[in-house]
Amino acid sequence: MKNIDISNIFNKMADLLEIKGENVFRIRAYRKAAFNIESLGKDISLLTQAELKDIPGIGGDLAGKIEEYLATGRLQAYEELIKDVPESLVTLLKVPGLGPKTVSLLYSRYNVKDIDALERLAREHELKKIPGIREKTETNILKGIEMLKRTSARYPIGKVLPVANDILGYLSGHAPVGKLSAAGSVRRWKETIGDIDILSTSEDPAAVMNAFTRMPDVKEILMKGPTKSTVVLEGGLQVDIRVVDEESYGAALAYFTGSKAHNIRLREIAVKGGLKLNEYGIFREKDSRKMGGAREEEIYEILKLQFVPPELREDTGEVEAASAHSLPHLLELKDIKGDLHVHSNWSDGNMELEDLAEVPIAKGYRYIAVTDHSKGLGVARGLHEERVIEQRKAIDAMNKKLRGFRLLAGIEINIKNDGGLDFDEEILKSFDIVVASVHSGFKQSKEQITKRILTAMENPFVSVIAHPSGRLIGEREAYEVDMEEVLQGASKTGTAIEINAYPLRLDLAEPYIRLAKSKGVSLAISTDSHNSGQFDNMVFGVSLARRGWLEKKDVLNTLDLNRLLIGIKKKRKTGKT
DNA sequence: GCCGTTTTCGGCCCGACTGTTTTCAGTCG
């Protein structure tokens, strides 16, 4: 999809315009358009001019630029821009502490075009000869360059959340905090996190700042003020804290949860209603009288909006829906009745079949599907036909012992490079549920991979397509696949699509979840557990589903066992649920 | 550059902290 290309080019243009000192609102318009294109969820190259202009933040001019880029693969305005301002300056903006004004100064007066040149000047102590730059700034720039070199930009939420919880635990034990919460993208359950934001109330903010900056894992204090501090942890993760009064906690929580785009929308609505919204509360414009702010809910009430769950706060339509009081009733963890993708030690899991049900039963589930790999995945000790029959006997024996809970006999069947499956129909029909997935041939063309998955979905015994894009966040890109086609096929054949809850997968990605929902595709949220601890990953899948606006009715494994089995049989009979 | 049940022109969110300065610009979120 060209969405990412166009989004990147608009973001880059925004950076360059900023260095040029252009109108800030024009710059914001480019960024907003870039963001909305990235989260569009459908292929921008298929839209008409009128449909382009329907995208929020895209008017006649940007629609024209998009069309030009799609038609020619180039953009005149962009090429003009980089004649004025070298493209490489964009990387300078990535140095923490270095903004457009300084970059512009460095370039226009000293011809600094990239990080190497900047670093050289700083090391030779030439930078501090520049008016407005002294010793401190020079050292900070060097530190910023170091930081940029060693830290990856964003971390998967699965790695960040435990750290955030540790910090919350530490602060409640070592600082005089009242209310305490993670905010920012952690609270919104974004799939990757840039930094951790912590918010607290306290009678003694200075003591909180001290405790925070003296936490055991702190490697460096970037900033320490009376109510706000920033540190870098061992390992490079940045953490911000902010302390406010009890009366401001709700407003501050809303503010620091973001997203920035969502906040801007709220403030615009406030301004239109003669109000002013900031992190301290919501105030009447004419006499500055405080109307609320202690509770987050108040902010939305006063703005006449439905309360927006943090997962939806991305300015992708939730403000409009909240205004019309038509937000979805989001799926909750307690709605989940089972897990449809679980491995035992019959293939590459480490759980005995006999122990498999223990954790799910404790969670209140009614069923899980045992979906070990099929023979094509040799590295994962995939099951051959004889082993399938053997395992089935073991599963049946287990089910005789279980009350109110069922182990479904399943398989994670390998989709071969030509779209065929590892087993023939005779074996396939013996399973309660068949989950199909791609584990090889990642380098195939988009057409081939798409065709492969479509072919697999045509099979009446395939109930779910697992980890549909194959991505591993920060480790492996998704294979090239036309996800819109796949979702269309899923809708046509009555096949469910998995939301894989493993934190490094989180696959299906969020824009496609919304698209799937709009096409009436059923989603299965599964942990792909290989050990008993991984059942807990369900919360990541549910949160991702919430970010995709899913409700209970959209999710296959919220069904009770009978309804689930009826659905599976229906596709087997008619090819469509 | 976008947008409009007050508007097709004139708006467009708001504050903390730092560093280099004597009152504030730049950066960040």
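Numbers restart at 1 for each chain; the letters A, B, ... are given by sequence-line order, proteins then strands.
A/Ile198 places its CD1 atom 15 Å from the P atom of B/dG29, with the value rounded to the nearest Å. Protein atom NZ of A/Lys94 is 15 Å distant from nucleotide atom C1' of B/dC28, rounded to whole Å. In this structure, the NZ atom of A/Lys136 is 17 Å from the P atom of B/dT27, given to the nearest Å. For the pair A/Leu222 CG and B/dC28 C1', the computed distance is 12 Å after rounding to whole Å. Note: NZ (A/Lys101) to C1' (B/dT18) measures 17 Å, nearest angstrom. Protein atom CD1 of A/Ile196 is 16 Å distant from nucleotide atom C1' of B/dG29, rounded to whole Å. Between the P atom of B/dG29 and the CZ atom of A/Arg188 lies a distance of 13 Å, rounded to the nearest Å. Atom CD1 in A/Ile9 sits about 17 Å away from atom C1' in B/dG1, given to the nearest Å.
B/dG1 and B/dT8 have their C1' atoms separated by 14 Å, with the value rounded to a whole Å. Comparing B/dA16 with B/dG11, their C1' atoms sit 26 Å apart, to the nearest whole Å. Only the P atoms considered, B/dT6 is 23 Å distant from B/dC2, to the nearest whole Å. The separation of B/dC14 from B/dT7, taken at their C1' atoms, amounts to 24 Å, rounded to a whole angstrom. Distance check on atom C1': B/dT20 versus B/dT27 gives 14 Å, rounded to whole Å. Comparing B/dC28 with B/dC13, their C1' atoms are spaced 14 Å from each other, to the whole Å.
One finds no salt bridge joining A/Lys101 and A/Glu18 here, because no Lys/Arg side-chain nitrogen approaches an Asp/Glu carboxylate oxygen to under 4.0 Å. With respect to the salt-bridge test (charged N to carboxylate O, under 4.0 angstrom), the residues A/Glu311 and A/Arg188 do not qualify.
Listed by first then second residue, pairs satisfying side chain to side chain donor-acceptor pair (under 3.5 Å) with a partner in residues 156-172 of chain A number zero, not counting sequence neighbours. Counting only residues at least two apart or on different chains, the side chain to side chain donor-acceptor pair (under 3.5 Å) pairs with a member in residues 243-252 of chain A are A/Lys179-A/Glu246, A/Thr201-A/Glu246.
In this structure, the side-chain hydrogen bond (donor to acceptor under 3.5 Å, both in side chains) partners of A/His125, at least two apart in sequence or on a different chain, are A/Glu138. A/Glu79 meets the salt bridge (Lys or Arg N to Asp or Glu O under 4.0 Å) test with A/Arg74; sequence neighbours excluded. Under the salt bridge (Lys or Arg N to Asp or Glu O under 4.0 Å) criterion, A/Lys128 pairs with A/Glu135, not counting sequence neighbours. Partners of A/Arg123 under the side-chain hydrogen bond (donor to acceptor under 3.5 Å, both in side chains) rule, at least two apart in sequence or in another chain, are A/Glu119. Every residue meeting the salt bridge (Lys or Arg N to Asp or Glu O under 4.0 Å) condition with A/Lys129, not counting sequence neighbours, appears here in chain and number order: A/Glu126.
Looking at heavy-atom distances under 4.0 Å, A/Thr230 makes no contact with the nucleic acid at all. Among the atoms of the strands shown, only primed sugar atoms or phosphate atoms (P, OP1, OP2) are found under 4.0 Å from some heavy atom of A/Leu98. Within 4.0 Å of A/Tyr30, counting heavy atoms only, lie sugar-phosphate atoms of the nucleic acid but no base atom. Backbone-only contact: A/Glu135 has heavy atoms under 4.0 Å from sugar-phosphate atoms and none from a base. Among the heavy atoms of the strands lying under 4.0 Å from A/Lys65 are primed sugar atoms or P, OP1, OP2 only; no base atom is included. Within 4.0 Å (heavy atoms only), A/Arg134 reaches sugar-phosphate atoms of the nucleic acid but no base atom.
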Listed pairs under 3.5 Å, donor-acceptor, residues 514-521 of chain A side chains, sequence neighbours left out:
| residue | atom | partner | partner atom | Å |
| --- | --- | --- | --- | --- |
| A/Arg514 | NH1 | A/Thr316 | O | 3.0 |
| A/Arg514 | NH1 | A/Thr316 | OG1 | 3.1 |
| A/Arg514 | NH2 | A/Thr316 | O | 3.2 |
| A/Lys517 | NZ | A/Trp549 | O | 3.0 |
| A/Lys517 | NZ | A/Glu551 | OE1 | 3.0 |
| A/Lys517 | NZ | A/Asp554 | OD2 | 3.0 |
| A/Ser518 | OG | A/Leu515 | O | 2.6 |
| A/Lys519 | NZ | A/Gln488 | OE1 | 2.7 |

Identify every side-chain donor-acceptor pair in residues 231-241 of chain A under 3.5 Å, counting partners at least two apart or on other chains, and give the distances.
| residue | atom | partner | partner atom | Å |
| --- | --- | --- | --- | --- |
| A/Asp240 | OD1 | A/Thr230 | OG1 | 3.0 |

| Just by protein heavy atoms under 4.0 Å, how would nucleotides 9-17 of chain B read 5' to 3' in B, S and -? | ---BBBSSS

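Across all strands shown, B/dT8 forms no Watson-Crick or G-U wobble pair with both key distances under 3.5 Å.
Using a 4.5 Å cut-off on side-chain heavy atoms (C-beta onward), A/Phe25 and A/Arg28 make contact.
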N/O to N/O distances under 3.5 Å, protein versus nucleotides 3-6 of chain B:
| residue | atom | partner | partner atom | Å |
| --- | --- | --- | --- | --- |
| B/dC3 | OP1 | A/Gly57 | N | 2.9 |

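Within residues 290-319 of chain A, no residue approaches DNA chain B, by heavy-atom distance under 4.0 Å.
For A/Asn140 and B/dG19, the shortest distance from a side-chain N or O to OP1 or OP2 is below 4.0 Å. Listed pair A/Gln238 / B/dC28 fails the phosphate criterion, with no side-chain N or O lying under 4.0 Å from OP1 or OP2.
In this structure, A/Thr137 and A/Pro100 both approach DNA chain B, and ranking their closest nucleotides by distance from the 5' end singles out A/Thr137.
A cation-pi arrangement is found for A/Arg313 relative to A/Phe307, the charged atom lying closer than 6.0 Å to the ring centre and inside a 45° cone about the ring normal.
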